[in-house]
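Numbered from 1 within each chain, the chains take letters A, B, ... in sequence-line order.
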2 protein chains.
Amino acid sequence: MSRQPVEDAAPVGRVQRKRGRRVQEILSTAAELFGERGYDAVSLDDVAERLDVTKGSLYYYFPGKDELAVAAIETLGADWTGRLERLAATVEGPPHERLRALIREHVAIAVGEYPAALRLFLVPSTWPDDPRERIKELRRRHDQVFRGVLEEGLASGEFAVTGVETTLQCMHAAMAQAPLWCGGLESDAQERALDELADTLMKLVAAAQ
Amino acid sequence: MSRQPVEDAAPVGRVQRKRGRRVQEILSTAAELFGERGYDAVSLDDVAERLDVTKGSLYYYFPGKDELAVAAIETLGADWTGRLERLAATVEGPPHERLRALIREHVAIAVGEYPAALRLFLVPSTWPDDPRERIKELRRRHDQVFRGVLEEGLASGEFAVTGVETTLQCMHAAMAQAPLWCGGLESDAQERALDELADTLMKLVAAAQ
DNA sequence: CAGCCTATTGACTCTCGGGTCAAAGTTTGC
DNA sequence: GCAAACTTTGACCCGAGAGTCAATAGGCTG
């Protein structure tokens with residue numbers, strides 16, 4: 001009776017704004033941790049500790065670990081996907097260049113800013129059902145961006161592939177693994193590694209002969 | 001004083017043989033489960049239940065979960081790697097055909113016989129240190145097989161790649177994901193999917209122009 | 001059949017982590 | 001400056017799962 005229900009009863013004005021900021025803090029911290037270690041390996045105490053707060057506090061904002069995970073995935077995903085989509089809509093030039101830019105951006109974000117965020121995509125099965133669905137959704141949107149450019153290039157004859165979906169799968173898989181093997185490199189070595197990765201993946205769409 | 005130490009004091013003769021068989025049963029069941037769900041999501045009670053046995057029994061043969069996992073990985077890995085290595089040593093023909101055969105075999109084993117075994121490779125970080133090292137070792141051996149054929153083709157000019165290691169990474173990543181997206185298909189659709197995957201990956205080594 | 005290994009059980013401990021909640025602390029608005 | 005709303009705490013409950021162990025069952029072997 002004394003407690004603020006987690007969901008409804010929105011407070012108004014400045015208070016609400018503060019609440020919003022807190023929620024964002026929690027979400028980005030959670031996204032960070034889940035990205036680094038996956039779902040199981042992150043306890044709510046871990047999240048709370050990194051925020052200099054107690055577990056109980058988290059339950060004031062979220063009804064449970066699942067919901068926190070879902071929200072964190074959506075926050076992280078909205079940003080990331082948004083940047084990809086914006087890039088796809090912005091970059092000029094032939095499909096060749098645009099695809100390469102997308103690959104670079106995708107991997108750069110993954111490796112740099114969300115060090116292990118792509119791990120989200122790797123083993124959706126270790127996540128509870130609800131977060132898993134969000135992850136799949138996220139991936140679908142990313143694929144969609146790539147599929148668009150890919151099909152453009154196919155239409156113009158600039159690209160040739162064995163199969164669109166298979167090509168997307170391969171690209172995705174390779175990009176998703178990238179943080180694991182060039183996450184530790186120094187920045188210039190990393191740049192080179194990412195360039196090489198992009199070049200390698202571009203071979204997947206190279207028109208034959 | 002009344003208990004048989006887990007490690008030393010090898011019994012002899014028929015008894016020992018029986019013990020060996022039991023150990024094998026446990027290992028293959030454990031490999032199966034770990035392959036399906038990963039380390040965290042499998043409890044020793046799960047393993048015991050599938051064996052119609054009690055957890056305590058497992059501790060009669062293995063000192064702990066980690067050790068069981070390590071042994072299971074090694075069993076599964078020895079078989080798998082062995083088949084790859086044998087295939088690489090056996091198959092005749094140009095590097096092109098040999099590499100394709102390796103890819104097909106690798107993926108076929110992963111998708112068919114150890115449905116999610118490749119998941120072992122996916123997120124080594126969710127495993128405790130010791131099993132993780134074994135998984136990396138396993139992967140190193142697999143890579144070694146592929147690297148061999150790849151370098152052959154490069155030497156003969158039949159292949160061209162942007163970078164050997166990057167190419168291996170991409171191949172590995174794509175093959176590792178395969179069970180997740182064509183594991184559920186019917187057998188002939190699956191065959192087609194695997195062929196397409198192999199063809200797609202072969203583009204990675206295609207000599208340019 | 002007696003005695004000695006071998007194998008298995010089931011009940012137990014202990015820790016970790018998700019989730020709860022009353023009480024206390026803090027902010028806001030009047 | 002004070003009451004009401006908001007926020008945080010810390011102690012607590014509970015179940016799950018790793019690991020332990022004395023007791024017991026089940027052979028072999030002399």
Side-chain angles (χ1 to χ4, degrees), chain A residues 1-26 29-30 33-34 37-70 72 126-128 130-131, chain B residues 1-26 29-30 33-34 37-70 72 126-128 130-131:
Chain A
M1 206 57 76
S2 71
R3 183 152 69 105
Q4 150 85 0
V6 172
E7 195 57 77
D8 44 351
V12 267
R14 200 177 312 161
V15 177
Q16 190 177 27
R17 234 170 296 126
K18 191 183 167 201
R19 181 181 174 94
R21 243 178 298 138
R22 201 92 181 93
V23 167
Q24 286 312 312
E25 279 173 30
I26 296 174
T29 302
L33 280 167
F34 284 134
R37 306 189 217 150
Y39 185 83
D40 292 328
V42 173
S43 75
L44 292 184
D45 286 311
D46 292 338
V47 178
E49 190 187 7
R50 193 172 287 197
L51 284 161
D52 269 316
V53 151
T54 319
K55 184 169 55 169
S57 254
L58 302 180
Y59 280 92
Y60 178 68
Y61 295 98
F62 298 92
K65 193 183 179 185
D66 272 31
E67 289 79 2
L68 174 58
V70 167
T126 68
W127 294 76
D130 215 23
Chain B
M1 205 59 75
S2 72
R3 183 153 71 105
Q4 151 84 1
V6 171
E7 195 57 79
D8 44 352
V12 268
R14 201 177 311 162
V15 177
Q16 190 177 27
R17 233 170 296 127
K18 192 181 166 202
R19 181 183 173 94
R21 242 178 298 139
R22 202 89 180 98
V23 168
Q24 285 312 311
E25 279 173 30
I26 295 174
T29 303
L33 281 168
F34 283 132
R37 305 189 219 151
Y39 184 84
D40 291 328
V42 172
S43 74
L44 291 183
D45 286 311
D46 292 338
V47 179
E49 190 186 8
R50 193 172 287 197
L51 283 161
D52 269 316
V53 150
T54 320
K55 186 170 54 168
S57 254
L58 302 181
Y59 280 91
Y60 179 69
Y61 295 98
F62 298 91
K65 193 183 179 187
D66 272 30
E67 289 79 1
L68 175 58
V70 166
T126 68
W127 295 76
D130 214 23

Working to the nearest 0.5 angstrom, can you tell me the gap between A:E25 CD and A:R50 CZ?
14.0 Å
Donor-acceptor under 3.5 Å (B:T54 side chain, B:S57 main chain)
no
Testing D:dG19, C:dT8, C:dG18 for proximity to the side chain of B:Y61, the answer is C:dT8
At 4.0 Å (heavy atoms only), tell me whether B:V47 reaches a base, stays on the sugar-phosphate, or touches nothing.
nothing
Could you write out each protein N or O paired with an N or O of nucleotides 9-16 of chain C at a distance under 3.5 Å?
from  : atom 1 : to    : atom 2 : distance (Å)
C:dT9 : OP2    : B:T54 : N      : 2.8
C:dT9 : OP2    : B:T54 : OG1    : 3.0
C:dT9 : O5'    : B:T54 : OG1    : 2.9

Below 4.0 Å: OP1/OP2 of D:dT8 and any side-chain N or O of A:R22
yes
Length of the line joining A:D45:CG and D:dT9:P, which is rounded to integer Å:
12 Å
Using OP1 and OP2 only, check whether a side-chain N or O of A:R19 sits under 4.0 Å from D:dT7.
yes
Whole angstroms only, please: what is the CZ-P distance between B:R21 and C:dA7?
11 Å
Find the distance A:D46:CG to C:dG17:P and express it as a whole number of Å.
7 Å
Please check this pair: side chain of B:K65 against backbone of B:V42, looking for a donor-acceptor N/O pair closer than 3.5 Å.
yes
If I take atom CH2 from residue A:W127 and atom CG from residue A:D66, how far apart are they, to the nearest 0.5 angstrom?
10.0 Å
When the distance from OH of A:Y39 to C1' of C:dG17 is rounded to whole Å, what number comes out?
11 Å
Taking NZ from B:K18 and P from C:dA7, how many angstroms apart are they, rounded to a whole number?
6 Å
Would you give the length of the straight line joining atom CG of B:L44 to atom CG of B:L33, rounded to the nearest 0.5 angstrom?
10.5 Å
Just how far, in rounded Å, is P of C:dG18 from CG of A:L33?
12 Å
Rounded distance (nearest 0.5 Å) linking atom OG1 of A:T29 with atom CD of A:Q24
10.5 Å
Whole-Å distance, B:F62 CZ to C:dA7 P, equals 13 Å
Side chains of A:F62 and A:V23, heavy atoms from C-beta outward: is any pair under 4.5 Å?
yes
Counting only side-chain N and O atoms of A:Y59, is one of them less than 4.0 Å from OP1 or OP2 of D:dT8?
no
